2 protein chains.
Amino acid sequence: MNKQIQIRTLKDLARLADVSTGTVSRALANSELISKKTRTLIQGLALEHGFQPNITARNLRTQRTGAIGVTIPLGHETGQHVSDPFFITMLGLLADALTERGYDLMLSRVIPANSGWLDKIVDSGRIDGLIVIGQSDQSETLDRVAARYRPMVIWGGYEKNQQHCSVGTDNFKGGRLAADHLIERGCERIAFFGDPSVRELSQRYDGCRAAMVKAGLEKKLTVVPAHLVADTAVPDISAFLGATGEKPQGIFAASDVIAMSALRALSDYGLAVPADVKVVGFDGLALSEHTVPRLTTVRQDLTAGAGHLVDLLLRRIAGEETDNIVMDPELIVRMST
Amino acid sequence: MNKQIQIRTLKDLARLADVSTGTVSRALANSELISKKTRTLIQGLALEHGFQPNITARNLRTQRTGAIGVTIPLGHETGQHVSDPFFITMLGLLADALTERGYDLMLSRVIPANSGWLDKIVDSGRIDGLIVIGQSDQSETLDRVAARYRPMVIWGGYEKNQQHCSVGTDNFKGGRLAADHLIERGCERIAFFGDPSVRELSQRYDGCRAAMVKAGLEKKLTVVPAHLVADTAVPDISAFLGATGEKPQGIFAASDVIAMSALRALSDYGLAVPADVKVVGFDGLALSEHTVPRLTTVRQDLTAGAGHLVDLLLRRIAGEETDNIVMDPELIVRMST
DNA sequence: AGAGAAAAAACAATCGATTGCATAAATATC
DNA sequence: GATATTTATGCAATCGATTGTTTTTTCTCT
């Protein structure tokens, strides 16, 4: 690459080729309107000088951006960071899926202070579409914005009459799987660890409860609204273990991260897993394979999920209507039950 | 928010307030050039109509973007995905640090096919600066681009005479820490697991080797060029364990992810950790606390590292010159040694 | 009241690429 | 060879905000 003069703009290139900027623009777009000869000439010059058109200018003109937004509303838990294992796993998968399709990924982490946070993102003019990871406690905001902004897909739980397009796992079924498994293993007193104000977690709770009711154990189900974050969950769980007279025989943690904290807390109290207490997690993250003991968990297929999120989003960007997707969970039995 | 007419542009707002677009622009920027009265009037209208200026247009005019690029060159390992735990941990931390400072994060994952990949990113006009996670085997490309593109900072190993600005851990010292610890624990035959064509890993190897030389154990050091990815590392390691007559007494894995694979492989061969073989990892990722047994590792302070990366980058964007940063590693002794 | 200074707002160029329309050049038709 | 038609290019408006310059308005002071 020899560059006596820096070729920075279409205008520079046009001067060099002794044509108009319009011609250069069309030539680089390989438009049929330009003769083959000038087209190759200009493309050659562009290559030689390593010319890259200014994307901002193009975006302004074409009213698109080539970037997809990914955001993580942390409504229910202000202390929760993007560094949470679930989020970063999903994020990595989305990055792979989007890059494969030629899109850039714009990441924003939000702590919804008011209902305008989502409008701000979709109206920012920076992105062609948005993927939201988790409904948090913001279903209403999501519904409201989804009504006017089409290219948006949400990872999370599906509920009848929701206005937004979602991809997720059948949390109810997953919760039932977990509870059935604990019951089958002989547990009667079961504790649910998780904050039911978050849609996905409440669905898991409902599934768990349904299984308990069916087994006639309804009265032996307790709820510990443990926080999602590992650090703050431990005290919550410890308080519970310290307080109750009767220890639970089984614990259904609403996420692997909570389950990890539970394992740590149980070990602090000298309770053996699975001998004294059995523990089931949810998510099937990589880390669940490396806990002590290895964690029985309800697996969500996040790789497929990320693929679906991107597929649906691109179809919505293209103007199509799309359905919601609910995937099947899978119980993975390991050493903790 | 009542909006009979959608207020989408400065012009719309100007018409509404019966002033010129220039005035609106200055009013929203809270410029002293505009009278307090009109300023509050216009700001009020903007708020009322939920007006958001078009960022693309602003970027075109101001020649900045408000976004920082983060890229992960996967030169040494094509199979390696963004979903690798080290990368996603770093990514999450960077997202936090950048968001805090009001920048957006643009993620691109690259498999460097030719030396132009980096030019393409920095010349894309999409970002104000770039953070590169890991030198991979691309030091030359990084040096070349760093010479002409200032706002770029690289996470990785520091080496004399490098042209690019780096933030990282003292890998040599870390390697020495790990080896010294293994030697102190009575190991003589030590195996290094890691690909030395990657700068950071080769530095860790050098430190390890230095410790061995000092202890007179130079001849008992072997290298297994295990791949970075968990899935492909297991076969490499298994092959090594199956082949050698004398099993190593100590293993220094160049990363926690490799160490995890080593633990799995060792357990497959019926070797007990730490009784038969002692294992040290590197990185200090969250997952290292949840392996069986809990992993002794050399910790890098990634939170501080992410903070430094962002700080240096912003200073470089502002035109300052900056030094490299080399942080101290810390040995964390757990149950695997 | 009127000149001069200061404050406020309007005007217009600009960022760099895209694209509808007009025009010039080349080819085809009779 | 003159006109009709196609093909290739140039011209200029446009996307929406920012900002230097100019003009208008308001205020001050004699």
Side-chain angles (χ1 to χ4, degrees), chain A residues 5-43 45-47 49-67 120 122-128, chain B residues 5-47 49-67 104 120 122-128:
Chain A
I5 7 95
Q6 261 286 42
I7 299 297
R8 212 177 43 80
T9 71
L10 274 194
K11 213 164 142 193
D12 296 339
L13 197 53
R15 195 177 310 124
L16 196 69
D18 199 27
V19 294
S20 73
T21 64
T23 301
V24 173
S25 175
R26 290 190 169 95
L28 292 178
N30 215 16
S31 157
E32 295 288 338
L33 288 174
I34 305 297
S35 70
K36 196 109 202 164
K37 205 181 86 203
T38 26
R39 239 189 294 164
T40 46
L41 166 73
I42 291 174
Q43 289 173 359
L45 282 173
L47 202 64
H49 290 81
F51 171 75
Q52 289 228 334
N54 181 306
I55 297 200
T56 310
R58 164 183 299 163
N59 289 347
L60 176 58
R61 180 60 224 235
T62 60
Q63 305 284 63
R64 66 181 293 280
T65 70
K120 208 157 179 175
V122 302
D123 295 334
S124 73
R126 257 177 202 294
I127 54 174
D128 293 335
Chain B
I5 6 98
Q6 260 286 42
I7 298 296
R8 212 175 43 80
T9 71
L10 274 194
K11 213 162 142 194
D12 296 340
L13 197 51
R15 197 176 309 124
L16 196 69
D18 199 28
V19 294
S20 72
T21 65
T23 301
V24 173
S25 175
R26 289 192 168 93
L28 292 178
N30 216 15
S31 158
E32 294 288 338
L33 289 174
I34 305 298
S35 72
K36 196 109 201 164
K37 205 181 84 201
T38 28
R39 237 188 294 165
T40 45
L41 166 73
I42 291 174
Q43 290 172 0
L45 283 173
L47 201 64
H49 290 81
F51 171 75
Q52 288 230 333
N54 180 306
I55 298 199
T56 309
R58 166 185 295 163
N59 289 345
L60 177 59
R61 179 60 226 234
T62 59
Q63 305 284 67
R64 65 182 294 280
T65 71
D104 285 314
K120 207 156 178 174
V122 302
D123 295 335
S124 74
R126 255 177 204 294
I127 54 173
D128 293 337

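Here the structure is a predicted model, which means the values were calculated and not measured.
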Would you say B:Ser124's side chain and A:Ile55's backbone share a donor-acceptor pair under 3.5 angstrom?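 Absent.
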
Under 3.5 Å, is there a donor-acceptor pair between the side chain of A:Asp128 and the main chain of A:Arg64? no

Of all the nucleotides listed ([options]), which has the minimum atom distance to the side chain of [X]?
X: B:Arg26; options: D:dG20, C:dA17, C:dA9; value: D:dG20
X: A:Ala57; options: C:dA8, C:dG16, D:dT19; value: C:dG16
X: B:Thr62; options: D:dT19, C:dT18, D:dT9; value: D:dT19
X: B:Val19; options: D:dG16, C:dA10, C:dA9; value: C:dA10
X: B:Ser25; options: D:dG16, C:dT19, D:dT19; value: D:dT19

In whole Å, what is the span from the [atom1] atom of [X] to the [atom2] atom of [N]?
X: A:Leu60; N: D:dA13; atom1: CG; atom2: P; result: 17 Å
X: A:Leu10; N: C:dT19; atom1: CG; atom2: P; result: 12 Å
X: B:Glu32; N: C:dA9; atom1: CD; atom2: C1'; result: 15 Å
X: A:Ile7; N: C:dG16; atom1: CD1; atom2: C1'; result: 14 Å
X: B:Lys37; N: C:dA8; atom1: NZ; atom2: P; result: 10 Å
X: A:Arg64; N: C:dA17; atom1: CZ; atom2: C1'; result: 14 Å
X: B:Asn59; N: D:dA17; atom1: CG; atom2: C1'; result: 10 Å
X: A:Asn30; N: C:dT18; atom1: CG; atom2: C1'; result: 16 Å

Specify the closest pair of heavy atoms between A:Leu16 and A:His49, including all atoms of both residues, with the distance to one decimal. CD2-CE1, 3.6 Å

On a heavy-atom basis, which atom in B:Leu60 and which in A:Ala57 lie closest, and how many Å separate them? CD1-CB, 3.8 Å

Quick check: are there more than 12 heavy atoms from other residues, nucleotides or ligands sitting under 6.0 Å from CG of B:Asp18? no

Mapping B:Asn54 and A:Thr21 onto DNA chain D by nearest heavy atom, which one lands closer to the 5' end?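 The residue closer to the strand's 5' end, by nearest nucleotide, is A:Thr21.
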
Taking only side-chain nitrogens and oxygens of [X], does any of them come within less than 4.0 Å of OP1 or OP2 of [N]?
X: A:Arg8; N: C:dG16; result: yes
X: B:Thr23; N: C:dA8; result: no
X: A:Thr56; N: C:dA17; result: no
X: B:Thr9; N: D:dG16; result: no
X: A:Gln63; N: D:dG16; result: yes

Could you check A:Asn54 against A:Thr9 for side chain to side chain contact (heavy atoms under 4.5 Å, CB included), going step by step and ending with a plain yes or no? CA-CA 7 Å; A:Asn54 181 306; A:Thr9 71; over 6 Å; no

Polar side-chain contact B:Arg61-C:dT14 base: donor and acceptor under 3.5 Å: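 Yes, a donor-acceptor pair under 3.5 Å.
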
So B:Asp12, base contact, sugar-phosphate only, or nothing? Heavy-atom distance under 4.0 Å. nothing

Take A:Arg58 and B:Leu33, find for each the nucleotide of DNA chain C with the closest heavy atom, and name the residue whose nucleotide sits nearer the 5' end. B:Leu33

